[in-house]
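A quick write-up on the structure given underneath.
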Number of protein chains: 4
Amino acid sequence: MSKGEATRQFIIEKAAPIFNKKGIAATAMSDIMDATKLAKGSLYVHFENKDVLAAEVVDHNLNLGRKKLQAALNIAGTSKEKLFTYIDVVTDILNPPVPGGCPMINFGMEADDTNPEIKQKINQAIESTQQWISDIIKQGIKAGEFRPDWNHKEFATIMFAMVEGGIVIGRVAGNNTKIKAIGKALKQMISSQQLT
Amino acid sequence: MSKGEATRQFIIEKAAPIFNKKGIAATAMSDIMDATKLAKGSLYVHFENKDVLAAEVVDHNLNLGRKKLQAALNIAGTSKEKLFTYIDVVTDILNPPVPGGCPMINFGMEADDTNPEIKQKINQAIESTQQWISDIIKQGIKAGEFRPDWNHKEFATIMFAMVEGGIVIGRVAGNNTKIKAIGKALKQMISSQQLT
Amino acid sequence: MSKGEATRQFIIEKAAPIFNKKGIAATAMSDIMDATKLAKGSLYVHFENKDVLAAEVVDHNLNLGRKKLQAALNIAGTSKEKLFTYIDVVTDILNPPVPGGCPMINFGMEADDTNPEIKQKINQAIESTQQWISDIIKQGIKAGEFRPDWNHKEFATIMFAMVEGGIVIGRVAGNNTKIKAIGKALKQMISSQQLT
Amino acid sequence: MSKGEATRQFIIEKAAPIFNKKGIAATAMSDIMDATKLAKGSLYVHFENKDVLAAEVVDHNLNLGRKKLQAALNIAGTSKEKLFTYIDVVTDILNPPVPGGCPMINFGMEADDTNPEIKQKINQAIESTQQWISDIIKQGIKAGEFRPDWNHKEFATIMFAMVEGGIVIGRVAGNNTKIKAIGKALKQMISSQQLT
DNA sequence: TATGAATGAGCCTTCATTCAT
DNA sequence: TATGAATGAAGGCTCATTCAT
């Protein structure tokens, strides 16, 4: 990795939690200057403008979430364990996988009426997450873990929505009481589809 | 209502959808000037500063949601009908009760890391909404509509989370496909608790 | 004139010589701040952006040239006297009617490859100046002052070109030696068309 | 020519039309980077700063004008033919000998109030051009081509001024209508000084 | 010689807010 | 109450220039 690429990456990493917490509009380039200790002009050496940086930050935060999940999934064997791991990772809002909280809600809600490019990025992430859940269930069905008649597509959407809705509740409340209940309920729904 | 109070109200109404769509940080007082056709100074006659206006707008948008729901509930008789009405109203994201979409997610996600006052307002709204759902179910149980052992507190949280999570999915996707599926699933869950 | 209009006019007047001397690109809004002792934001209360101010300044400088000429023309009786007065006013580059020198050359040469709007303004000024010269001669012919066969349209162009070319020579040299010779030659050309 | 000198020359050639069109102040070093495909630092290897490059570019453009004229003069025999050739070359503003138009007006008008060094360069060019015209006429007189009493010094100034003034008119108008009329008039003036 | 990352002053513009009228 | 001129800090971005590689 060239020095330039390293700096670019460094900036993205430092900027990522700031954008995720404050939002894109409320984050100033000077915030990024402070966080990186770089001069104003340096940021523009690596990013054409704030929008480009913001887009990269969105990608970075989405990827970070995926990585954190992947790491946790390493010790998950069965499909049920994978789904449970997903729930555990994502509902841990007091120590969220992505600093600042789920970037899909954060950036999605800011961008939906104002930033089509980022809206599109988030939409893809939301869809692929549901797809991932659905695929895990499908594998579980194929493996004889889950009932074959489980509507996995529908449940993927329900599970994703419950988790994200729970994150909203929890972050605004500042505690994980409700999100934990939601996680528990989800696990019961999953267990109820188990065979044997 | 004095003339001053009327103007104040007028400003709030015009400002409400703008703040809800663009977010507080991204909304400039000049946006409100344009929308109200009022002069710069006039806004400050009625609101000490932008934060005060924003707080009023948040309240207004929350109240607007409640009013829209109440109006729809007028023709709902049973508890089941009330829950179904809630679902119908709130999941109609292509024609949302509050222009710009659910203010609980919009302002909640912007404020959670930056604005404790508004975070607090949203938290109360979220809790009272869950409480309202829970109360409706309790009434239904008492009326013999629903199974007495239904965990109404938990279901209220699940229902609220599913709806809000569904709104996130739908607004970012720009369509109501998934939120409609979520509404349907919720109605089935409710129906499955019906007696007789 | 409202206070706002007065300030707007004040800004234009202070900005006019600066733009004319330094050029549009090389003039910073901070130069106008210094000259007007106004705060940065005040300039933008009255002018949407620098381009709008620049366009107004161009108009102002063109008008200033016309006014200065008109004032001098008050004591000119015959067509010949009018043409001589024009020559005297315009060739006095050490005390130019418009501070910074002829705005038609200054802005015309800056704008020709970069600013179509201002290029257009200057073009109109150049054409109407030639038209004015031509009209004066026509009046002189009608009044029996000049030979009826004088090609007044062609001479107007020649006269304008000579004067403007002379201004270029003089401003770059920093003296009025050559422009005075040009003025003298022009007066001879005019006198040679006189009857009686 | 060393490699360094070649690069230096290459930069000047690429930069010359840009400075001539946009002006010195409005031309950024990054424009030169784009035009040369060289890295930022490379430009500073060959030119201490922008002013040095600008000065070289001015010289280059002035020389380019001279070369273009010399080339055209190769097929001119008599003094009259030389003067006519000068007129033809310089008034061809739709295909100017120096891309961007006459550098004497372009740089002269930008520099007169702001850049003494370049103002001085242009002044010398203007004076030597008039001197050249004057010398050609003198030669024509000596050769018996022109009337001995022709005031060649004065005519050189008039001719230069008319041409330059005509260029201003033409460039701002975006056509060669008037400059062609000026060229024609100049040729008649010259012809009227011919002997037999 | 050539590169391109880094710098920080400076540019145009926007913003929330104040205040005289 | 309403106006809109005035303010100056702050925002995004560009620029000429430097310097380690």
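Naming convention: chains lettered A, B, ... in sequence-line order (proteins, then strands); numbering from 1 in each chain.
- Atom CD in B:Gln9 sits about 17 Å away from atom C1' in F:dT1, given to the nearest Å.
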Listing time: all N or O pairs from protein to nucleotides 19-21 of chain E that are below 3.5 Å?
none

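- Annotation: the span from A:Leu53 atom CG to A:Tyr44 atom OH amounts to 8.5 Å, rounded to 0.5 Å.
- To the nearest 0.5 Å, atoms CD1 (C:Ile11) and NE2 (C:His46) are separated by 5.0 Å.
- Ranked by how close their nearest DNA chain F nucleotide is to the 5' end, C:Glu5 and A:Ala28 are led by C:Glu5.
- One interatomic measurement links the two molecules: CG of A:Leu53 to P of F:dC13, which rounds to 10 Å at whole-angstrom precision.
- Taking only side-chain atoms of A:Asn49, from C-beta outward, the nucleotide of F:dA2, F:dT3, F:dC13 with the closest atom is F:dC13.
- Nucleotide F:dA16 holds its C1' atom 13 Å from the CG atom of D:Asp31, rounded to whole Å.
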task: Give the dot-bracket string for DNA chain E, reading 5' to 3', where a pair is Watson-Crick or G-U wobble with both distances under 3.5 Å, ( ) marks pairs inside the strand, [ ] marks pairs crossing earlier ones, | marks a partner on another strand, and . marks unpaired.
output: .||||||||||||||||||||
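- A straight line from NZ of C:Lys37 to C1' of F:dG8 spans 16 Å, rounded to a whole angstrom.
- Put simply, CD1 on D:Ile32 is 9 Å from P on F:dA16, counting in whole angstrom units.
- Across the interface with DNA chain E, nearest-nucleotide mapping of C:Ala25 and B:Lys40 shows C:Ala25 to be the residue nearer the 5′ end.
- Note that CD1 of D:Ile24 and CG of D:Asn106 are 10.0 Å apart. Values are rounded to the nearest 0.5 Å.
- The main-chain N or O of C:Ile32 is found under 3.5 Å from a side-chain atom of C:Thr36 such that the two form a donor-acceptor pair.
- For the pair A:Lys22 NZ and F:dA10 P, the computed distance is 12 Å after rounding to whole Å.
- Taking side-chain N and O atoms only, C:Ser30 has no distance below 4.0 Å to OP1 or OP2 of E:dC12.
- Residue-level contact check: B:Thr7 touches the backbone only, with heavy atoms under 4.0 Å from sugar-phosphate atoms and none from bases.
- In this structure, C:Met33 places its CE atom 12 Å from C1' of E:dC12, rounding to the nearest Å.
- Of the possible donor and acceptor atoms, one in the side chain of D:Arg171 sits under 3.5 Å from a partner among the backbone N and O of D:Gly100.
- Remark: side-chain polar atoms of C:Lys50 are paired, donor with acceptor, to backbone N or O of C:Thr27 under 3.5 angstrom.
- Nucleic acid contact for C:Thr36: none, since no nucleic acid atom lies under 4.0 Å from a heavy atom of the residue.
- Rounded to the nearest 0.5 Å, atoms NZ (D:Lys14) and CD1 (D:Ile12) are 13.5 Å apart.
- Note on A:Lys50: only backbone sugar-phosphate atoms sit closer than 4.0 angstrom, heavy atoms only; bases stay farther off.
- Closest-nucleotide positions on DNA chain E for A:Val45 and D:His46 were compared, and the one nearer the 5' end corresponds to D:His46.
- Separation of atoms SG (B:Cys102) and CD1 (B:Ile122) is listed at 8.0 Å; rounding is to 0.5 Å.
- Pairs of residues two or more places apart, or lying in two chains, that qualify as salt bridge (Lys or Arg N to Asp or Glu O under 4.0 Å) and include a residue from residues 19-38 of chain A are A:Lys22-A:Asp31.
- Rounded to whole Å, atom C1' of E:dA9 lies 19 Å from atom CE of C:Met29.
- Note: D:Arg8 CZ to D:Leu43 CG = 12.0 Å, rounded to the nearest 0.5 Å.
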